[in-house]
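First up is the structure itself, then whatever we jot down about it.
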Amino acid sequence: GQNIDQPTEMTATEGAIVQINCTYQTSGFNGLFWYQQHAGEAPTFLSYNVLDGLEEKGRFSSFLSRSKGYSYLLLKELQMKDSASYLCAVVRYSTLTFGKGTMLLVSP
Amino acid sequence: EAGVAQSPRYKIIEKRQSVAFWCNPISGHATLYWYQQILGQGPKLLIQFQNNGVVDDSQLPKDRFSAERLKGVDSTLKIQPAKLEDSAVYLCASRTGQSSGNTIYFGEGSWLTVV
């Protein structure tokens, strides 16, 4: 089976930087996705990591350490519209298993 | 490019009734998923298809849930009879193949309330 842990909630202020962590335990790891989900909407793709290291894409970056079973999503220059749930999803073969998500609240 | 289409968007039924959800994936996407997302939780995989074959249905409550993708394109998910705990969003998603790096695209979901 798979075990994926993320913090339930985080708060931050506009313009700040926030790091959302994800730890996982799985057999047969094939990659890790981060998705953003606004209330009442479908998840949308943010990033994909399969090798160790940092992937940067604009204000969002994602890091992976396969040996530690650890990833984080880094959000810079936070905006109010970044208030959403952030889902970590581990790929095992072709199946994605999601964590419970981290609700991020950005305040002015 | 059209996205993943789902219908109906919203459905309210009484417990013990039946309901069916329909999904049309992005054109050319061989892999199709049905996820159940209960409020405040992450999506939980119910079933995964590769073309018209089932890859994983280990978490599908087969006594009441069924799904099919007969022609390897669109898919239906049925619940019969529904229980109160089935109240959730049912998300359909698709990707081009089974390669781990292919992005999964989600539909807007079908919101089910069982009363």
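Order of the sequence lines fixes the chain letters, A, B, ..., with proteins taken first and strands second; residue numbering starts at 1 for each chain.
Here the CD-OG1 distance, from Gln41(B) to Thr8(A), works out to 10.5 Å after rounding to the nearest 0.5 Å. Residue Gln59(B) holds its CD atom at 9.5 Å from OG1 of Thr95(A), rounded to the nearest 0.5 Å. One finds the CD atom of Gln37(A) at 6.5 Å from the CG atom of Leu91(B) (value rounded to the nearest 0.5 Å).
Residues Leu73(A) and Phe63(A) are members of separate hydrophobic clusters, defined by side-chain heavy-atom contacts under 4.5 angstrom among Ile, Leu, Val, Met, Phe, Trp and Tyr. Note on Ile13(B) and Leu77(B): same hydrophobic cluster, where clusters join Ile, Leu, Val, Met, Phe, Trp and Tyr whose side-chain heavy atoms are under 4.5 Å apart, directly or indirectly. Val106(A) and Leu46(A) fall within the same hydrophobic cluster, defined by Ile, Leu, Val, Met, Phe, Trp and Tyr side-chain heavy atoms under 4.5 Å apart, directly or through other members. Leu78(A) and Leu74(A) sit in two unconnected hydrophobic clusters of ILVMFWY residues. Membership requires side-chain heavy atoms under 4.5 Å apart, directly or through other members.
Atom CG of Leu39(B) has 12 or fewer heavy atoms from other residues, nucleotides or ligands within 6.0 Å. Taking a 6.0 Å sphere around CD1 of Ile12(B), one finds it holds 12 or fewer heavy atoms contributed by other residues, nucleotides or ligands. Within 6.0 Å of CD on Gln17(B) lie more than 12 heavy atoms contributed by other residues, nucleotides or ligands.
Aromatic ring centres of Tyr35(B) and Phe98(A) lie closer together than 6.0 Å.
Among Pro43(B), Gly42(B), Gly107(B), the residue with the largest count of heavy-atom pairs under 4.5 Å with chain A is Pro43(B).
The side-chain heavy atoms of Leu96(A) and Leu45(B), taken from C-beta on, include no pair separated by under 4.5 Å.
A donor-acceptor contact shorter than 3.5 Å links the side chain of Tyr35(A) to the backbone of Ile104(B).
For Gln6(A), no part lies near chain B; criterion is any non-hydrogen pair under 4.5 Å.
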Requested in this report: Show your reasoning for whether side chain to side chain contact (heavy atoms under 4.5 Å, CB included) applies to Tyr93(A) and Asp56(B).
Outcome: CA-CA 11 Å; Tyr93(A) 304 113; Asp56(B) 185 348; over 6 Å; no
